[in-house]
Amino acid sequence: MARKQVVLRREEILDATVEQIKKRGIATTRVADVASALGVSSGLVHYHFATKEQLVEESFSHAARREIEALRATAGRPAPAITRLKALLRLYSPTGQSVGWRLWIDGWSAGMRDTGLQDVMQAMDEEWKAAFGRLIQDGMEHGEFHCADPREAAWRITLFLDGLAVQLVARRGVLDKAQATAWVREHVAAHLGIAASDLEPRRSTGQPSTTA
């Protein structure tokens, strides 16, 4: 029981640190802020994490693991490639469900000076690109997508989404979200040989469905 409590407390600290970094940024998040959010002493946080640098790096690893779990679950669904693609875009795109872009942009920036953090960010980026590539390949094999190189298409799509995220998150208000969503569909569709309308949400017919 004592061992289980230690594990749970450690995970709670990581979760709280991720939320504080989203709100404050890496540079201004203090161990004291994390402790205050949890209602514990800074000493307890330091019991698990000797330094702020270790706390930040492990928090990013923790957040990345959760995102990759969601990615793999979505990509591995028994559904047509186009359905899974739309679901992946909702997870990854800054115009979709993702609430983590503030965290990831901060992580990439800090990773330029922290090799451990850079490794975490790079591993997650590679996982996403590989997942998109496999999905595009699957769609090509089933006649849903048409492109010359699935890997290149995956890179072009994710690079576009990364750049769009910077504009939407770091420069709030400079780009209308509805317009950005249209651009995402047009960009992805152009690389996969499909119509942008194919990526629009499926209209409800009042009947239960297992597809997006």
Side-chain angles (χ1 to χ4, degrees), residues 18 21-22 26 57-170 175 177 180-196 198-199 212:
V18 168
I21 292 173
K22 285 180 184 178
I26 294 173
E57 186 175 319
E58 292 200 32
S59 294
F60 270 86
S61 294
H62 176 69
R65 282 194 300 272
R66 289 195 167 178
E67 178 152 315
I68 289 171
E69 286 170 4
L71 160 63
R72 290 175 176 171
T74 300
R77 289 167 52 190
I82 186 69
T83 300
R84 287 178 285 142
L85 175 65
K86 289 192 287 185
L88 279 193
L89 289 174
R90 287 195 295 272
L91 279 177
Y92 191 91
S93 174
T95 63
Q97 298 170 342
S98 175
V99 295
W101 272 107
R102 285 173 59 88
L103 182 74
W104 305 131
I105 290 172
D106 205 9
W108 276 116
S109 178
M112 295 175 67
R113 299 172 298 279
D114 182 329
T115 56
L117 190 52
Q118 183 182 56
D119 289 344
V120 171
M121 299 301 298
Q122 184 171 330
M124 186 176 68
D125 183 60
E126 290 172 355
E127 183 89 21
W128 271 104
K129 285 179 169 58
F132 270 104
R134 288 191 297 268
L135 180 55
I136 293 169
Q137 178 67 49
D138 187 41
M140 290 174 62
E141 292 172 358
H142 289 84
E144 295 181 62
F145 306 142
H146 311 279
C147 68
D149 187 334
R151 180 181 179 276
E152 180 178 324
W155 271 77
R156 286 177 178 267
I157 289 169
T158 53
L159 289 174
F160 177 84
L161 294 174
D162 292 347
L164 190 62
V166 172
Q167 295 297 316
L168 287 172
V169 177
L175 183 61
K177 197 167 184 179
T181 299
W183 287 352
V184 168
R185 291 174 185 154
E186 290 168 5
H187 182 83
V188 173
H191 285 293
L192 300 185
I194 59 178
D198 293 337
L199 296 172

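Residue numbers run from 1 in the order of the sequence given.
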Would you list the atom pairs, donor with acceptor, under 3.5 Å between side chains in residues 134-148 and any protein atom, with sequence neighbours excluded?
residue : atom : partner : partner atom : Å
Gln137  : NE2  : Glu141  : OE2          : 3.2
Asp138  : OD1  : His142  : ND1          : 3.2
Asp138  : OD2  : Arg84   : NH2          : 2.5
His142  : ND1  : Asp138  : O            : 2.9
Glu144  : OE1  : Ala81   : N            : 3.3
Glu144  : OE1  : Ile82   : N            : 3.0
Glu144  : OE2  : Ala81   : N            : 3.1

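We find the NZ-CG distance between Lys177 and Leu164 to be 10.5 Å, quoted to the nearest 0.5 Å. In this structure, CE on Met121 lies 9.0 Å from CD1 on Ile105, to the nearest 0.5 angstrom. Distance CZ/Arg65 to CE/Met124: 12.5 Å, rounded to 0.5 Å.
Considering every non-hydrogen atom in both Ala153 and Leu192, the closest pair reads CB-CD2, 4.3 Å. Ala154 approaches Phe132 most closely through the heavy-atom pair CB-CB, 3.8 Å. Leu168 and Ala180 make their closest contact through CD1-CB, 4.2 Å (heavy atoms, listed as atom of the first residue, atom of the second, distance). Residue Leu199 comes nearest to Leu85 through the heavy atom pair CD2-CD2, 3.8 Å, listed as atom of the first residue, atom of the second, then distance. The two residues Leu91 and Ala70 come nearest to each other via the heavy atoms CD1-O, 3.8 Å. Between Ala110 and Leu117, the shortest heavy-atom contact is CB-CD2, 3.6 Å.
Annotation for Trp108: atom CH2 counts as buried by contact number, over 12 foreign heavy atoms lying within 6.0 Å.
Between the side chain of His187 and the backbone N or O of Arg156, at least one donor-acceptor pair lies under 3.5 Å. Distance alone, capped at 3.5 Å, is enough to place a donor-acceptor pair between the Ser61 side chain and the Glu57 backbone. Between the side chain of Arg185 and the backbone N or O of Ala196 there is no donor-acceptor pair closer than 3.5 Å. Side chain of Ser93 to backbone of Arg90: no donor-acceptor contact under 3.5 angstrom is found. For the pair Trp101 (side chain) and Tyr92 (backbone), a donor-acceptor distance under 3.5 Å is present.
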Trace of the side chain to side chain contact (heavy atoms under 4.5 Å, CB included) decision for Arg72 with Glu127: CA-CA 9 Å; Arg72 290 175 176 171; Glu127 183 89 21; 2.9 Å; yes
Test side chain to side chain contact (heavy atoms under 4.5 Å, CB included) on Asp106 and Arg102 and set out the steps. CA-CA 6 Å; Asp106 205 9; Arg102 285 173 59 88; over 6 Å; no
Should Asp162 and Trp104 be marked as a side chain to side chain contact (heavy atoms under 4.5 Å, CB included) after you check the CA-CA gap, both sets of side-chain angles, and the distance that decides it? CA-CA 10 Å; Asp162 292 347; Trp104 305 131; over 6 Å; no
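Considering only heavy atoms from C-beta on, Leu161 stays 4.5 Å or farther from Trp128 through its side chain.
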